Peer 1: 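Can you read through this structure? Questions will come right after.
Side chains included, hydrogens not; waters and symmetry mates left out as well; all remaining heavy atoms used. Just so we're clear, the structure is a prediction, and the values are computed from it rather than from any experiment.
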Amino acid sequence: MIFTNPDRRRTNTMFTKMAEEPRSYVGRIESVERHSERPGSRYTIIIDAADVRIDLKAAKSDLNRERGNLAILRVMTTADKFARMAQLASAADGDGAENLAGRWVELRLVPPGTKSGPRAQVCLLGDTGYEDIVVYTVAEIIEFGFNPLERPPSGRTHRSTEQLVTALYFEGLSHTARQLLGLLHNSAALHKAMSSAQIAQVIVHDVGHANFTTLLDVAGRPVLHFDAGWPLGFNRKTCPPKALSINFAPIVVLSHWDWDHLHGFHKWQQVRDAFWFVPEQHLGPGAKLVSDYLEAKGRLTVYAHQPGFQQTYGDIRVIGADPSLITDKSKGATIPGFPWSSTLRRVVVFFCQGTRTTWLRDWNFLRPAGRLPPWRRDFRCTSLGGQG
């Protein structure tokens, strides 16, 4: 088995500009990452969002028609300041853990210099992904809770905005219900495609602040990708210096619905054409449109998390992670994704026959690996900051 990481950084043409007019976005807080352990540390808050002007019906029928109204927002401020602006009693729960991830919010944004407040970077969805950035100041935050269906009208926003948030929340939940009907058929198709492959090589593509891995068989053919990430515009400086040479596989196994693990969907048509094997998870509007596109093409299987879940496809075993062991609130708040393992029957350079390697969805899933089945593991791999 060979691990290769052949790519380097590049100069890119994406750009950042200052906003010239106000905008309002609604979305789901996907992750909250603390910069340090010092008191008063700043946080990076990522929101999968849609402009309040989006035509949701048009977006569902034609992704390209409304892509200009989809964005990923990045706000860097202290958790306490974010909570105060959202009129929350605290940014933490009763145990002192961060309690923002998973909430639905509206952010009212104004051009910088017109009002004091945290800076918001709005990364807009373009033809090849979330690339160009517009910088705003956060003027106001309206919070709708973890379940907007249970939240009475706040009186702080327009009724149409509340209806949009409710619709987006409901759409994110319906991600699981419809696709599970095709589970048995799709699982059989996956098993047929993967069970005969003897995994001999793993390529860890250098995609900067993202995760993209390819498994090759003994003949050098791509079997599947574990994640298909590409840097968002926020992390464009980490993009490789030249176009990647990727031999695309017919299957993508998605560890979880963070954009540094799935953004390649927008960059490469071959990734959009693949069959996706994904975990159940509550989705924001941008991720849900990816799910809708794949479902419409008949290329999506969603697996619900179940205690002790595992599925074996030849050399590859997919195992559900245990959310109770995740101390990071922003990761534990979502329904968990998959770590996975490959039993390598043949090797190329370094490993002995029968070597077993476990790959995890992110660094804070190292602990759940302790509850994987008690077979011997020679190597355990994970990503840190998006890097494999």
Side-chain angles (χ1 to χ4, degrees), residues 1-16 30-31 33 44 46 48 71-72 74 121 123-133 199 201-216 220 222-279 286-287 290 294 331 337-340 342 357 359-365 379 381-388:
M1 177 177 178
I2 297 177
F3 289 91
T4 58
N5 193 347
D7 311 308
R8 292 293 181 267
R9 305 281 78 81
R10 74 172 173 87
T11 302
N12 56 76
T13 58
M14 296 174 284
F15 68 96
T16 299
E30 298 297 335
S31 66
E33 297 183 3
T44 294
I46 301 294
D48 186 344
I72 306 296
R74 181 169 75 170
Q121 294 176 308
C123 195
L124 301 170
L125 179 58
D127 292 338
T128 57
Y130 293 93
E131 297 180 332
D132 297 334
I133 296 172
I199 306 302
Q201 186 174 359
V202 175
I203 297 178
V204 181
H205 301 286
D206 185 351
V207 287
H209 191 96
N211 194 56
F212 195 142
T213 304
T214 303
L215 272 67
L216 306 180
V223 177
L224 64 81
H225 302 303
F226 182 59
D227 291 335
W230 182 254
L232 295 169
F234 311 126
N235 301 310
R236 62 195 179 198
K237 292 182 180 179
T238 72
C239 290
K242 58 183 180 181
L244 298 183
S245 177
I246 298 176
N247 194 2
F248 290 98
I251 297 169
V252 174
V253 177
L254 184 66
S255 62
H256 61 303
W257 288 86
D258 278 6
W259 281 102
D260 55 339
H261 293 254
L262 69 97
H263 192 213
F265 170 89
H266 289 295
K267 182 169 179 61
W268 294 289
Q269 181 64 49
Q270 298 94 324
V271 173
R272 291 193 290 278
D273 290 341
F275 187 93
W276 285 59
F277 177 94
V278 305
V290 171
L294 293 169
K331 300 298 183 183
F338 299 130
W340 60 280
S342 62
T357 302
W359 287 75
L360 302 171
R361 53 166 266 183
D362 255 337
W363 68 270
N364 48 358
F365 268 63
F379 295 90
C381 305
T382 188
S383 60
L384 176 62
Q387 305 284 339

Peer 1: Measure across Asp227 and Ser255 and return the closest heavy-atom pair with its distance rounded to 0.1 Å.
Peer 2: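 Asp227 and Ser255 have their closest heavy atoms at OD1-N, 2.8 Å.
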Peer 1: Look up atom CG in Leu224 and atom OG1 in Thr213, then write down how far apart they are to the nearest 0.5 Å.
Peer 2: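 Rounded to the nearest 0.5 Å, the CG-OG1 separation comes to 9.5 Å.
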Peer 1: With the side chain counted from C-beta on, respond yes when Trp257 and Leu262 share a heavy-atom pair under 4.5 Å apart, and no when they do not.
Peer 2: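 Yes - at least one pair of side-chain heavy atoms lies under 4.5 Å apart.
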Peer 1: NE2/His256 to CG/Asn211 distance, rounded to the nearest 0.5 angstrom?
Peer 2: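 Atom-to-atom, His256:NE2 and Asn211:CG are 8.5 Å apart.
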Peer 1: Determine the minimum heavy-atom distance between His209 and Asn235, stating which atoms define it.
Peer 2: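 In terms of heavy atoms, the two residues are closest at CD2-ND2, 3.4 Å.
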Peer 1: Roughly how far, to the nearest 0.5 Å, is NZ of Lys267 from SG of Cys239?
Peer 2: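 Taking SG in Cys239 and NZ in Lys267, the distance rounds to 7.5 Å.
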Peer 1: Parallel, tilted or perpendicular: which fits the ring planes of Trp268 and Trp230, with parallel below 30° and perpendicular above 60°?
Peer 2: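 Perpendicular: the ring planes of Trp268 and Trp230 meet at over 60°.
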Peer 1: Do His205 and Thr214 pair up side chain to side chain, a donor and an acceptor below 3.5 Å, judged on atom types alone?
Peer 2: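 Result is yes, a qualifying pair exists.
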Peer 1: Answer with yes or no whether the side chains of Arg74 and Ser31 bring together a donor and an acceptor at under 3.5 Å.
Peer 2: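 Result is no, nothing qualifies.
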Peer 1: To the nearest 0.5 Å, how far apart are CG in Leu294 and CH2 in Trp276?
Peer 2: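 Here the rounded value is 6.5 Å.
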Peer 1: To check you understand the geometry: which heavy-atom pair defines the closest contact between Leu216 and Pro222, and what is its length?
Peer 2: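 Of all heavy-atom pairs spanning Leu216 and Pro222, the closest is CD2-CA, 3.5 Å.
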Peer 1: Where the side chain of His225 meets the backbone of Ala249, is there a donor-acceptor pair that is under 3.5 Å apart?
Peer 2: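 The answer is yes, because a donor-acceptor pair under 3.5 Å joins these two groups.
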Peer 1: Taking the side chain as every heavy atom from C-beta outward, state whether Ile72 and Asp48 have any pair of such atoms under 4.5 Å apart.
Peer 2: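 With C-beta onward as the side chain, the pair touches.
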Peer 1: Rounded to the nearest 0.5 Å, how far apart are CD1 of Ile133 and CZ of Arg236?
Peer 2: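 With rounding to 0.5 Å, CD1 (Ile133) is 4.5 Å from CZ (Arg236).
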Peer 1: Considering only heavy atoms from C-beta outward, does the side chain of Phe275 approach that of Val252 to under 4.5 Å?
Peer 2: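 Contact flag for Phe275/Val252 side chains = no.
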Peer 1: Can you give me the closest heavy-atom contact between Ala228 and Val271, atom names plus distance?
Peer 2: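 Nearest pair, atom of Ala228 first, then Val271: CB-CG1, 3.8 Å.
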Peer 1: Grab the two heavy atoms, one from Tyr130 and one from His263, that are nearest each other, plus how far apart they are.
Peer 2: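 Scanning both residues completely, I find the closest heavy atoms to be N-NE2, 2.8 Å.
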Peer 1: Would His261 and Leu254 count as a side-chain contact (heavy atoms from CB on, under 4.5 Å) if you check the C-alpha gap in whole Å, the side-chain angles of each, and the deciding distance to 0.1 Å?
Peer 2: CA-CA 7 Å; His261 293 254; Leu254 184 66; 4.3 Å; yes
Peer 1: How many angstroms lie between CD1 in Ile46 and CG in Asp258, if you round to the nearest 0.5 Å?
Peer 2: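 Answer rounded to 0.5 Å: 9.5 Å.
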Peer 1: Check whether any side-chain heavy atom of Trp259 lies under 4.5 Å from a side-chain heavy atom of Val290, and answer yes or no.
Peer 2: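 Of all side-chain heavy-atom pairs linking Val290 with Trp259, at least one is under 4.5 Å.
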Peer 1: Any side-chain heavy atom of Leu124 sitting closer than 4.5 Å to one from Glu131?
Peer 2: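 Side chain of Leu124 against side chain of Glu131, heavy atoms only: no contact under 4.5 Å found.
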